[in-house]
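Note sheet for the following structure.
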Amino acid sequence: MLVIIDYGAGNIRSVVNAFRFIGADITVSGDAADFPRAKGLILPGVGASGYAMKQLAPIAGAIRRQVQAGTPLLGICLGFQLLFDESHEMGIIKCLGLIGGAVIPIPPGRTIPHMGWNYVAAPAGMRLMQGLTPGRHFAFVHSYYADVSEPTATVATVEYEGLTMAAAIEKDNIFGCQFHPEKSGDDGLQMLRNFVTICDEGRVC
Amino acid sequence: MLTKRIIPCLDVKDNRVVKGVNFLNLRDAGDPVELGARYSDEGADELVFLDITATIRSKKTIVEIVERVAERVFIPFTVGGGITTADQIGLLLRSGADKCSVNTAAVQNPDLIRESAERFGNQCVVLAIDARRAPDKPNKWIVTVKAGSEPTDIDAVEWAERAQKLGAGEILLTSMDADGTQAGYDIALTRAVAEAVDIPVIASGGAGTLDSLLHVLQEGKASAVLAASIFHYGTYTIAQTKDFLRQHGIPIRP
């Protein structure tokens with residue numbers, strides 16, 4: 001069973017629908033008591049980091065403990081941004097600190113938000129990206145991006161008008177993607193299946 | 001590279017997709033969920049559902065359609081038509097919509113844009129502008145409301161700029177002169193708005209030949225093209241459209 005963490009920040013319905021569609025056994029919960037029996041955790045989210053971290057505060061410690069115990073965690077969009085040390089969205093927001101880096105604004109001079117389908121370049125062997133089509137595109141919508149400083153993380157990237165941004169990341173049992181796999185057609189669904197497989201294979205570290 | 005988006009628009013009335021010429025002479029074109037799923041399978045990059053049923057009952061109907069679409073269609077979709085409050089936007093987003101478009105209510109109460117953007121994020125708020133060429137003034141367009149039936153004295157380009165400042169994340173720009181005619185998009189209008197704002201502009205109204213889509217993406221500087229009739233009635237498939245645009249150098253998702 002996977003737990004999709006419901007902490008009141010944005011719409012999780014599409015994430016739930018996508019995992020159901022691929023036949024995953026999921027529970028939606030914001031109760032930390034449900035985390036220990038989860039094979040994997042999914043942290044979705046849409047909106048602003050400050051509000052989201054405030055909403056997440058009561059269960060942030062439980063998420064960190066679960067990750068330290070080896071449970072795979074997948075952050076999606078804002079949930080991906082919350083994995084890093086801090087976010088510079090309306091002040092400096094301290095985030096979960098699971099991956100080194102800061103979330104900063106996309107520099108002006110280009111259409112913002114970065115909205116639409118873009119190609120994602122992934123290093124060979126990236127577990128989230130197995131079995132995808134060579135021309136894989138994913139649906140993005142964001143105005144901030146993660147400036148990754150974590151030396152041991154594997155990072156897939158996206159190019160946007162001269163700017164290279166982190167599109168997806170893996171570090172041990174911590175996974176994340178800036179794009180919306182639940183809105184990225186067949187390749188997005190395949191990426192979610194890959195995460196389910198990772199969770200089924202058991203604890204990573 | 002970020003690709004240009006091809007967006008079929010489904011005008012929904014009483015649970016069915018309809019499309020008319022200049023919003024008149026509605027013809028039946030199918031079930032919204034089936035059509036949405038078909039377009040997604042064919043490679044549509046997004047979907048737009050516009051609820052053109054102007055009754056109280058329609059809100060419940062459109063919510064049910066949104067829920068059904070969200071269970072089957074895994075690409076972004078926008079819902080609009082008759083939205084008047086941020087609470088309605090909240091309900092539609094919770095039902096599975098990714099974005100909501102506001103039009104007449106935002107003209108009457110621009111604060112609706114600000115409130116919705118603050119509550120749900122800019123990326124959820126699409127400002128739909130129905131623009132019409134101003135009589136005897138070249139390159140000037142006015143905003144119309146109530147499905148294009150009522151002119152205002154608001155300049156369309158200025159309204160787009162203001163909406164961006166208020167927090168709109170995208171502009172859905174329809175030329176009321178071109179809508180439903182299949183005579184081509186209003187390139188000058190699209191370009192004027194796209195150059196005035198930093199947020200993406202979806203060109204709408206007038207899709208006809210594939211050349212017309214190409215021109216509004218190139219010369220009109222649109223981020224996306226919206227079309228209804230050419231897809232609903234099978235003039236072109238999504239795949240044909242994408243092949244054509246790709247062959248002409250437009251970045252398109254495979």
Side-chain angles (χ1 to χ4, degrees), chain A residues 9-22 45-49 51-52 77-78 89-90 106 108-119 133-144 158-163 165 179-190 192, chain B residues 1-7 40-47 66-77 89-100 117-126 164 168-171 194 197-202 221-224 246 251-254:
Chain A
N11 180 14
I12 63 164
R13 187 173 188 128
S14 299
V15 175
V16 173
N17 282 339
F19 275 103
R20 286 210 175 116
F21 187 80
I22 62 170
V46 170
S49 309
Y51 178 74
C77 196
L78 180 63
E89 183 177 358
M90 294 179 260
I106 296 176
R110 40 180 75 71
T111 301
I112 296 171
H114 173 224
M115 183 188 283
W117 296 78
N118 205 331
Y119 172 73
T133 59
R136 61 191 170 264
H137 279 63
F138 293 94
F140 288 84
V141 50
H142 61 120
S143 304
Y144 291 77
V158 61
E159 290 281 337
Y160 182 45
E161 295 183 23
L163 178 70
M165 299 182 281
F179 52 80
H180 286 275
E182 78 283 11
K183 287 288 167 180
S184 295
D186 291 340
D187 277 329
L189 295 174
Q190 179 59 38
L192 296 181
Chain B
M1 188 190 281
L2 187 68
T3 56
K4 301 285 188 180
R5 289 169 280 153
I6 312 302
I7 309 176
S40 173
D41 290 344
E42 287 178 357
D45 296 310
E46 277 186 35
L47 298 170
V66 167
E67 286 173 348
R68 285 170 55 217
V69 169
E71 283 167 9
R72 265 184 69 182
V73 181
F74 298 101
I75 61 174
F77 72 97
I89 292 178
L91 174 62
L92 289 163
L93 294 174
R94 280 197 305 281
S95 306
D98 299 289
K99 307 182 239 183
C100 287
E118 279 177 10
R119 280 177 62 183
F120 311 115
N122 306 40
Q123 79 288 340
C124 297
V125 184
V126 180
Q164 173 177 317
E170 192 168 45
I171 305 281
V197 297
D198 298 320
I199 53 180
V201 173
I202 305 170
K221 302 193 170 181
S223 294
R246 193 179 298 113
I252 292 289
R253 177 174 73 107

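Order of the sequence lines sets the chain letters (A, B, ...), proteins ahead of strands, with each chain counted from 1.
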Requested in this report: Please confirm whether the backbone N or O of B:Met1 pairs with a side-chain atom of A:Asn118, one donor and one acceptor, at under 3.5 Å?
Outcome: yes

Report task. Check each atom of B:Ala97 against the heavy atoms of chain A and say whether the ones under 4.5 Å are side chain, backbone, both or neither. Result -> backbone

Report summary line: If you tally heavy-atom pairs under 4.5 Å between each of B:Gly90, B:Ala70, B:Pro251, B:Ser223 and chain A, the highest tally belongs to B:Ala70

Report summary line: Pair count under 4.5 Å, heavy atoms only, with chain B: among A:Leu189, A:Val16, A:Ile112, highest is A:Ile112

**Report entry** Side chain, backbone, both or neither of A:Ala139 within contact of chain B (heavy atoms, under 4.5 Å)
**Finding:** side chain

Report task. Return the orientation label for the A:His114 and A:Tyr160 ring planes: parallel under 30°, perpendicular over 60°, tilted otherwise. Result -> tilted

Report summary line: Cut-off 4.5 Å, heavy atoms of chain A, and the answer for B:Lys99 is side chain

Query raised in the report: Is there side-chain contact between A:Arg136 and A:Tyr119, with heavy atoms separated by less than 4.5 Å?
Result: yes

Requested in this report: Please examine the side chains of A:Asp187 and A:Phe138, heavy atoms only from C-beta on, and report whether any two atoms are closer than 4.5 Å.
Outcome: yes

Query raised in the report: Relative to chain A, which segment of B:Glu170 carries a heavy atom at a distance below 4.5 Å: side chain, backbone, both, or neither?
Result: side chain

Query raised in the report: Is there side-chain contact between B:Glu71 and A:Arg20, with heavy atoms separated by less than 4.5 Å?
Result: no

Query raised in the report: Got a sec: does the CG of B:Asp41 have more than 12 other heavy atoms crowding it under 6.0 Å?
Result: yes

Query raised in the report: Which bit of B:Ser40 comes within less than 4.5 Å of chain A, counting heavy atoms only: side chain, backbone, both or neither?
Result: neither

Query raised in the report: Who among B:Cys124, B:Pro200, B:Gly121 has the most heavy-atom pairs with chain A under 4.5 Å?
Result: B:Pro200

Requested in this report: Using a strict cut-off of less than 4.0 Å between a Lys/Arg side-chain nitrogen and an Asp/Glu carboxylate oxygen, indicate whether B:Arg253 and B:Asp45 qualify as a salt bridge.
Outcome: yes

Query raised in the report: Contact part of A:His142 toward chain B, heavy-atom cut-off under 4.5 Å: side chain, backbone, both or neither?
Result: neither

**Report entry** Which portion of A:Thr111 sits near chain B, non-hydrogen atoms under 4.5 angstrom
**Finding:** both

Report summary line: The interface call for B:Val197 against chain A, heavy-atom contacts under 4.5 Å, is neither

Requested in this report: Please report the closest heavy-atom contact between A:Trp117 and B:Leu2, naming both atoms and the distance.
Outcome: O-CD1, 3.6 Å

